[in-house]
There are 2 protein chains.
Amino acid sequence: MSVTIREVASRAGVSIATVSRVFNNSDPVEEGTRARVKKAATELRYVPNVLGRSLSMRRTDSIGLLLPDLFGEFFSEVIRGCDQTAQQSNFHLLVSSSHNNRQEIEAALRMMRGRVDGLIIMSPHIDASTLNENLPRTLPVVLLNCHVDGNAFDSINIDNRGGVCQMVNHLLSHGHTRIGILKGTEHNIDAAERLRGYRDAIAEGSAVVSPDLEVPGEFSEASGYDAARTLLSRNPRPTAIVASNDSMAIGALSAIRESGLRVPEDIALVGFDDIPVAAYITPSLTTVNVDIDGLGVAAITQVIHAVKNRNGHAKQQSVLPTRLSLRHSCGCTN
Amino acid sequence: MSVTIREVASRAGVSIATVSRVFNNSDPVEEGTRARVKKAATELRYVPNVLGRSLSMRRTDSIGLLLPDLFGEFFSEVIRGCDQTAQQSNFHLLVSSSHNNRQEIEAALRMMRGRVDGLIIMSPHIDASTLNENLPRTLPVVLLNCHVDGNAFDSINIDNRGGVCQMVNHLLSHGHTRIGILKGTEHNIDAAERLRGYRDAIAEGSAVVSPDLEVPGEFSEASGYDAARTLLSRNPRPTAIVASNDSMAIGALSAIRESGLRVPEDIALVGFDDIPVAAYITPSLTTVNVDIDGLGVAAITQVIHAVKNRNGHAKQQSVLPTRLSLRHSCGCTN
DNA sequence: CAGCGTGATGTAAACGTTTACATGCAGAAC
DNA sequence: GTTCTGCATGTAAACGTTTACATCACGCTG
């Protein structure tokens, strides 16, 4: 029942083409006519219908964002980074989350189809064939922390392995040789890469290698708490613990306290992500810093670039570096 | 360049109407024709264009979600609750965030127009006239934690005032009479209501009333840290601190520790929201529990109900109750 | 004065669907 | 053998825009 371009045209005594021209500044329109059209439009409270516009122009000015299950501060930051950057370029964000298996992702991909000009996908469950089968080849896609082979798609990854390597080396330099890890969610690519960094650095540093030192978890505070209790019951006990993310580290800290041990005096503890709260807990958490906000910004920038080039640009795979945020929980004293 | 219903029709040797009927199960189609159409569609990898569909059907199957600046775990939870519930009803979520003044909100409202069948708005900067001027009267809207007079819109609010009242009463029952508050972001309705709860309970409980005990902040860990330092420098010092949310409480905890005081022995500390991390910090944080996820679920449920009734239903204003999560930081020992 | 460019506007065909209505055809009822 | 009923399908008009092309008036050039 909303007012259309036709009603504005008839009230202003012009054709619909002229109204369109006024609203898009696409062709010169005489000053008097322009004023009449504008007047008619405001009187009728006319707002152009985006659907008709999109259908005609074959673009939607929206970017889709496919996320896994949301938790913690991490995704707030990603979404914030994406949305702000998108807005600056006059794009909108279509967010869809909680896709935890291939079927759900395929459904989500099909849903997005036609609704968006480009897509950012952050999902551990995606692979190249799923993408190729469910997406038109002309749709720009940026993969965020996905594990997809080849260079057919733009991708941005965090240097998970490198970050953990650095961190383990740091612990080694503190003199630790028996270092445990609280693993992240199974089949999650971040979790797998962080574990790989741990194993590589442990092996290279000639520290103790033992399956007993690797405990499963799933990125939440609760699972960090449980996993740490398991690790603390090992004999001999590790003298340092690497948590696969900060939330798990916070859960672990609680478990360590409960068992009567002190951090970092009796046991060192480190995390990954550097979420804001990491600096404020006691002891402050040594962790691997990731520029989360920057991740979202980079992804949007890249996908918009692709949209403007009609996906004809050279695809680019990049890895975002990480750096250590050294605080107290590892035994550093600054 | 994507394949349309017309190409499927011609390949299957039928009219476009029949193809549409097959895809929508809207009218009976003979088994043989149906099979031919399906075959042609899969061969061509046909996917119906949602824009054409929406234009014709006059619905988009999307719900808009307007949020203020995102921070912390809170909004992740809200978005998660909304998205999951929306998906169950085959709706999508169009998220737009970071609207911190009236102009940005109006722009966002206009952007959403035509793109969504219903709208959830969470913004401290909204008022009834802004809504009426920028939205068609037929568009279902649910206001989340907004401060809009009258009963023209559906709304869901958290019982901010009641939650803080309960909490202050609890502190009074611990024997505290000099209780400070770290205030939330200025002009934010949640912040204002929580402050009101504090003042009312303090007055009613005959505790110390003083402007010195109210310190400004803005809902982040950093501002909680700063505000707590200010409060600790008061003479006499408060024996209990109410933070306007958990993030501020965490910042405050860090400041209190630095000053050499113990929580809860020397000073009690409480928060608001009950974000997951609250249970895992040391001492565990006594806070006002809000069913964040439930907030999103309720909002989506209500807006979808409105969409299905073409916004002709009786509007409903509801207040979500809160309850205390008693842990260690207030001096409780369980 | 013929011819021509130019600026302002209108006309109508896209864009990809859904759907009311029309058509055709087979079998049943009379 | 009509007429009626009902099913399967086709036709064409929406839905609300943008835009290529056509039209027309006007002033300028040669």
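Residue numbers begin at 1 in each chain, while the letters A, B, ... track the order of the sequences.
In the displayed structure, B:Asp69 atom CG is contacted under 6.0 Å by more than 12 heavy atoms of other residues, nucleotides or ligands. Counting heavy atoms of neighbouring residues, nucleotides and ligands inside a 6.0 Å radius, atom CG of A:Asn309 exceeds 12 of them. For CD of B:Glu186, the number of neighbouring non-hydrogen atoms (other residues, nucleotides, ligands) closer than 6.0 Å is 12 at most. When the shell of 6.0 Å around NZ of A:Lys38 is examined, it contains 12 or fewer heavy atoms from other residues, nucleotides or ligands.
If you check residues 40-57 of chain A against DNA chain C, the residues with a heavy atom closer than 4.0 Å are A:Leu55, A:Ser56, listed by number. Taking a 4.0 Å limit (strictly below) on heavy-atom distances, residues 12-27 of chain B reaches DNA chain C at B:Ile16, B:Ala17, B:Ser20, B:Asn24. Contacts with DNA chain C (heavy atom under 4.0 Å) in residues 111-118 of chain A: none are found.
Distance, B:Arg58 CZ to C:dT17 C1': 12 Å, rounded to whole Å. B:Arg6 places its CZ atom 9 Å from the C1' atom of C:dC15, with the value rounded to the nearest Å. Residue A:Glu7 contributes atom CD, which lies 11 Å from atom C1' of D:dG16 at whole-angstrom precision. Here C:dG10 presents its C1' atom at 15 Å from CD of A:Glu30, a figure rounded to the nearest Å.
Looking at every heavy atom in both residues, B:Ile63 comes nearest to B:Ile304 through CD1-CG1, 4.4 Å.
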A:Arg80/B:Phe75 under side-chain contact (heavy atoms from CB on, under 4.5 Å): CA gap, chis, key distance, verdict
CA-CA 10 Å; A:Arg80 190 240 289 274; B:Phe75 292 103; over 6 Å; no
